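Worksheet: the structure to be examined is printed underneath.
All ligand and atom numbering here is 1-based and tracks the order in the structure. Fair warning: this is a prediction, and the values are worked out from it, not measured in the lab.
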Amino acid sequence: MELKRIVLGVTGGVAAYKAAELARLMVKTGMDVQVVMTEAARHFVGAATFQAITGHPVFGDLWDDRVDNGMAHIDLGRGADVILVAPASADFLAKLAQGSASDLLSTLCLARNCPLVVAPAMNRQMWEAAATRRNVDLLRADGVTLIGPDSGEQACGETGFGRMAEPGELLEALEARFQPKRLAGLRVLITAGPTFEAIDAVRGITNLSSGKMGYAVARAALEAGAEVALISGPTCQTPPPVARLTRVTSAQQMLEAVEAAIDETDIFISVAAVADYYVLNPSEGKIKKDAHILTLELAPNPDILANVGSRASPPFCVGFAAESENIEEYAELKRRRKHLPLIVANDVREAVGADEIQLILLDEAGRQVLEKADKRTQARRLIGHIALLYNTRHP
Ligand code: C5P
């Protein structure tokens, strides 16, 4: 990602202390952060904190003469990719909605030529007040993006909507904005997580799979502008805001969900760790434990990806191959057997549940190694590669 310039506006609210963490996260991801504080914000957190974190002096005064031409309200916003106000107090939302230019930050927002994102933070009743509702509607109509507020415990002791979105969530939203929209207008179907095949009412067989990679791929496809449908086996992951989320348990259910969606799919990415077998005649109740050997009869599950890959006119299909030895050789064999233009190979010993992995992409043109990185980064790189191959085939 090329260097992004962010103006971080901090207004008066208890959540201002979280803005310091947000600034640190943004700097860590390589963003250039210029902090502008309101007078009220300085009552909650010191400018020196932001100065140390961002490496830039903090501005707050409309009449600050540190900016050469005395035009801080114009100059600080020049070249910014986005202005993010976090926390944005009720008072500041009101100023924005009215187009007020009574201090440096509100003036900068009015004089901007880049997108404006705000993260409101205030007491629950202030957020619910009719005047704030009106202001929020006006801001949305003006094209301002609001993130949060979240619901939860507040500094005032009340519980409800009004907490500022967490710094990690805000950073993620910013990064998502900056991803190139390489899959705009395309429909992407993703399977994720394990499947679970019942033995009886409480037991079953499954694969070790956290769902992290599949969910990261779904998020990256969304960021790239695709319309995403996610079919997920049982996982604890929080799903990204996809257009359609279908939760399934068994491989058979996953197959049915895929078949129901496949005709409206341009790209199918099969990340799920589908159980290879299911149990014939599972018990409806719970099997009583005794000292005897229990024999289970297993039958092979359908290969969902192979089924899709061998259709008369399949979507662009991407498979995953988790292997423990001869990784590339086995993955390439799978790619050919399942008729896939692209397969993603990884080492099963380091992949399951881990946050960082290495991926090897195998396609008609050869191999490409995506050096070890967190799954979100890998998912974005993979989506970039898929977009490249897809767009070459469909110019
Ligand atoms: O299990 P295997 O190594 O063959 O998985 C390779 C790819 O095939 C993965 O993308 C997986 O999601 C898919 N697959 C499937 N249905 C199965 C088994 C695997 O879609 N029954």
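The shortest N/O to N/O separation between F320 and ligand 1 falls below 3.5 Å. For A321, no nitrogen or oxygen atom sits less than 3.5 Å from a nitrogen or oxygen atom of ligand 1, counting backbone and side chain alike.
Distance from atom 21 (N) of ligand 1 to its nearest protein heavy atom, with residue and atom name: P302 O, 2.8 Å. Here the protein heavy atom with the shortest distance to atom 11 (C) of ligand 1 is A272 O, 3.4 Å.
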Might you work through the salt bridge (charged side-chain N to carboxylate O under 4.0 Å, His left out) test for R367 and E328, ending with a clear yes or no?
CA-CA 9 Å; R367 69 193 281 278; E328 291 186 40; 2.7 Å; yes
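Residue contacts with ligand 1 for A273 are absent, since no atom lies close enough (heavy atoms, distance under 4.0 Å). For D303, heavy-atom contacts with ligand 1 shorter than 4.0 Å involve the backbone as well as the side chain.
Within the 4.0 Å heavy-atom shell around ligand 1 one does not find A306. The closest approach between K338 and ligand 1 falls below 4.0 Å for a heavy atom of the residue.
Looking at K4 and E175, no side-chain N of the basic residue comes within less than 4.0 Å of a carboxylate O on the acidic one, giving no salt bridge. For R335 and E332, the salt-bridge test passes: some basic side-chain N is under 4.0 Å from an acidic carboxylate O.
Residues meeting the ring-ring contact (aromatic ring centres under 6.0 Å, His included) test with Y390, sequence neighbours left out: H394.
Residue K334 approaches ligand 1 through these ligand atoms, each under 4.0 Å from one of its heavy atoms: 2 (P), 3 (O), 4 (O).
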